[in-house]
Number of protein chains: 2
Amino acid sequence: MKQLLTPHQVAKAIGVSESSLKRWCDKGMLATQRTAGGHRRLTIEAVLEFMRESGHEMAQPELIGLPAAVGKGTVVVERASEMLREALIAGDEGVARRTILDLFLAKQSVPVIGDRVIAPALSHVGQCWAEGTLEVYQERRSCEIVSRVLHEWRGLIATPSAQAPRAIGGTVEADPYVLPTSLCELTLRELGWQAESYGTRLPFATLIAAVRDVRPRLCWLSVSYIADEAEFIAKFAELFDATQACGTALAVGGTALHEPLRCQLRYSAFCDQLAHLAAFATSLTSTSSNDSGQVNP
Amino acid sequence: MKQLLTPHQVAKAIGVSESSLKRWCDKGMLATQRTAGGHRRLTIEAVLEFMRESGHEMAQPELIGLPAAVGKGTVVVERASEMLREALIAGDEGVARRTILDLFLAKQSVPVIGDRVIAPALSHVGQCWAEGTLEVYQERRSCEIVSRVLHEWRGLIATPSAQAPRAIGGTVEADPYVLPTSLCELTLRELGWQAESYGTRLPFATLIAAVRDVRPRLCWLSVSYIADEAEFIAKFAELFDATQACGTALAVGGTALHEPLRCQLRYSAFCDQLAHLAAFATSLTSTSSNDSGQVNP
DNA sequence: CTATAATTCGTTCATATCGATCACTTTCAC
DNA sequence: GTGAAAGTGATCGATATGAACGAATTATAG
């Protein structure tokens with residue numbers, strides 16, 4: 001099974017321009033294959049060989065990796081998810097980072113990678129933990145690794161402009177799961193929002209205060225765990241009223257929000273996946289020209 | 001990813017001529033990579049390392065992706081803590097990052113910055129929260145901001161070599177405080193250890209399994225909260241026995257370990273501050289030639 | 001299979017960097 | 001003061017890099 005890389009991917013991975021890479025290929029410094037139409041294709045081995053020969057310890061020698069998404073088919077994404085899962089179980093941060101950031105370099109969006117690669121991998125790890133197949137520390141370590149990759153990823157996304165619409169969010173009360181809300185933050189930042197996660201276990205009352213102080217255009221809530229449903233419903237209603245009074249949209253999501261519970265809640269949008277959050281956020285900015293006159297470029 | 005800098009950028013950023021910079025590179029004062037065509041490329045990591053060693057001031061840090069005022073601020077530890085505290089309360093991530101990274105550039109070590117700047121600032125924020133002077137979300141937001149800065153900082157410290165001694169750690173059972181254990185990780189990585197925090201709320205049993213699987217030279221435990229002291233004492237004893245059997249040193253610390261409780265625990269070292277952890281870790285590597293034959297260069 | 005969007009091709013061109021050299025300043029021993 | 005040694009910044013022609021362009025190729029969805 002030979003994985004072929006495009007010049008674009010390789011150039012990004014080793015931190016040079018596509019032009020230079022093409023020149024090196026043409027000079028014979030880098031073993032190159034050609035497609036029928038004349039496009040260059042590189043094997044991982046050739047690239048690693050080139051980096052050894054020319055002695056570069058370039059940007060991220062390890063970055064070019066394995067799933068190497070040539071294209072956006074579901075096959076690539078599924079394989080990436082499997083690879084990430086195995087890397088997380090083994091505690092191999094390098095492979096995990098390669099897997100995720102390679103997809104990013106291949107121009108996959110945060111929702112795609114989050115919903116279809118990271119979420120399934122973590123879900124599988126969590127299942128194994130529940131079944132007792134894995135040690136707890138492997139599950140925690142997996143979360144730590146993903147958390148570090150998400151932080152690094154955040155640094156790769158352009159800092160939003162000060163005029164961009166603001167968004168805040170987090171998890172409430174007893175919910176300790178930080179990764180979903182981090183992914184929400186990333187999703188919105190990729191869309192140009194000034195999104196900032198306030199972390200986990202926020203009491204509803206302080207979230208209401210935050211909405212009143214910060215006045216964001218959007219507030220998201222990631223709900224992976226609920227201790228007391230009745231109390232949750234009551235306090236959630238207060239939060240919703242507060243957001244409405246502030247002109248803030250309230251988007252909710254998370255595995256703990258099952259159908260019968262959702263029926264008892266009022267919110268601006270329920271987002272089953274990051275893709276839904278992205279779509280909802282986009283709809284907000286496209287209509288914001290009506291009420292605020294600001295359009296996101 | 002690690003972005004590579006050109007000599008031009010770096011020379012401007014530190015305010016010297018390109019000629020001098022090139023000479024420094026060629027003399028080996030500055031770790032340099034080369035492109036295939038022979039052009040020099042520098043990592044931010046190497047530049048910061050050089051500036052810390054040589055004591056150069058940063059003229060225009062924004063040119064290499066650092067916050068605009070890094071290198072220009074007063075590098076007084078005492079004032080820094082106050083500045084950080086105010087920035088955290090206001091939710092100003094930029095100022096918080098500058099404050100911390102400035103000190104790092106001024107050759108301050110992780111323990112100094114952690115013990116004398118970050119800890120007091122967070123402690124003050126926590127106090128205000130307890131008194132009701134601050135909203136909860138301000139405290140949580142502060143922790144999120146510090147967490148992000150620590151992640152960025154982690155990326156600026158050289159990646160440890162594969163031969164370096166390993167260390168793992170985290171918080172146990174019900175303790176949700178992630179920042180102290182992150183600072184432990186940073187402290188050890190600065191000393192060249194392969195340190196990895198496994199996160200918060202680790203059951204003792206899984207920590208024992210982790211020690212047995214990973215066989216680290218050192219295991220640290222940050223204890224900021226204990227739900228049931230009697231249970232803690234019993235399980236801690238099991239962990240200690242396990243670490244001893246594996247040849248792993250067990251370092252503990254944290255505000256929840258008060259004097260009378262400590263008397264009932266056995267451990268390799270109690271570290272009141274990060275400085276103590278650093279000292280203990282150093283003592284381990286300097287004596288490790290006796291029992292493992294490996295010396296950290 | 002076909003239509004369409006996205007990517008890569010080869011080329012050109014402006015700019016940046018290379019190594020080497022030179023004039024100048026500082027330091028320091030005599 | 002003098003001269004050697006060392007460091008700095010500026011300059012040179014030659015070469016390398018990165019961005020832009022229309023045209024051709026590939027990937028993906030219908």
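First the proteins, then the strands, lettered A, B, ... as listed; each starts at 1.
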Q. Rounded to whole angstrom units, what separation is found between the CG atom of A:L42 and the P atom of C:dT8?
A. 11 Å
Q. Side-chain donor-acceptor pair under 3.5 Å between A:T181 and A:S197, yes or no?
A. yes
Q: Among the candidates D:dA27, D:dA16, D:dT25, find the nucleotide nearest to the side-chain atoms of A:R41.
A: D:dA27
(Q) Checking contacts here: which listed nucleotide (C:dG10, D:dA16, C:dT8) is nearest the side-chain heavy atoms of A:T6? (A) C:dT8
**Q.** DNA chain D contacts made by residues 18-26 of chain B, counting heavy atoms under 4.0 Å
**A.** B:S19, B:S20, B:R23, B:W24
(Q) Check the phosphate of D:dT26 against A:T35, side-chain N and O only, distance under 4.0 Å to OP1 or OP2. Yes or no? (A) yes
Q.
Taking the minimum atom-to-atom distance to the side chain of B:R34, which one of D:dG9, D:dT17, C:dC18 wins?
A. C:dC18
Q: Work out how much the helix from C:dC1-D:dG30 to C:dC30-D:dG1 bends between its end axes, five pairs an end, to the nearest 10 degrees.
A: 50°
Q: State which residues pass side chain to side chain donor-acceptor pair (under 3.5 Å) with A:R23; sequence neighbours excluded, sorted by chain then number.
A: none
(Q) For B:W24, give me all partners under ring-ring contact (aromatic ring centres under 6.0 Å, His included), at least two apart in sequence or on another chain. (A) B:F50, B:H56
Q: Could you state the atom-to-atom distance from CG of B:L4 to C1' of D:dT17 in whole Å?
A: 14 Å
Q) Which residues satisfy the side chain to side chain contact (heavy atoms under 4.5 Å, CB included) test with A:S123, sequence neighbours excluded? A) none
(Q) I need the CG-P distance between A:L30 and D:dA16, as an integer number of Å. (A) 16 Å
**Q.** pair B:V117-B:L103: side-chain heavy atoms closer than 4.5 Å
**A.** yes
(Q) Please determine whether a side-chain nitrogen or oxygen atom of A:R40 lies at a distance below 4.0 Å from atom OP1 or OP2 of C:dT8. (A) no
Q: Could you tell me which residues satisfy side chain to side chain donor-acceptor pair (under 3.5 Å) with A:E139, sequence neighbours excluded, listed by chain and number?
A: none
Q | Interatomic distance where NE2 belongs to B:H39 and P belongs to D:dA14 [whole Å] | A | 15 Å
Let me have the donor-acceptor pairs involving side chains of residues 83-95 of chain A, under 3.5 Å, with sequence neighbours excluded, atom names and distances please.
residue: A:R85; atom: NE; partner: A:H124; partner atom: ND1; Å: 3.4
residue: A:D92; atom: OD1; partner: A:G94; partner atom: N; Å: 3.1
residue: A:D92; atom: OD1; partner: A:V95; partner atom: N; Å: 3.1
residue: A:E93; atom: OE1; partner: A:R148; partner atom: NE; Å: 3.1
residue: A:E93; atom: OE1; partner: A:R148; partner atom: NH2; Å: 3.1
residue: A:E93; atom: OE2; partner: A:R148; partner atom: NE; Å: 3.3

Q) Considering heavy-atom distances to DNA chain D, does A:K27 or B:V16 have its closest nucleotide positioned more toward the 5' end? A) B:V16
Q.
Is B:H8 close enough to C:dT17 that one of its side-chain N or O atoms is under 4.0 Å from OP1 or OP2 there?
A. yes
Q: With sequence neighbours excluded, tell me which residues meet side chain to side chain contact (heavy atoms under 4.5 Å, CB included) with A:E49.
A: A:R52, A:E53
Q | Pairing residues for A:H151 by the ring-ring contact (aromatic ring centres under 6.0 Å, His included) criterion, not counting sequence neighbours | A | B:H151
Q. Roughly how many Å is it from CD in A:Q9 to P in C:dA6, rounded to a whole number?
A. 17 Å
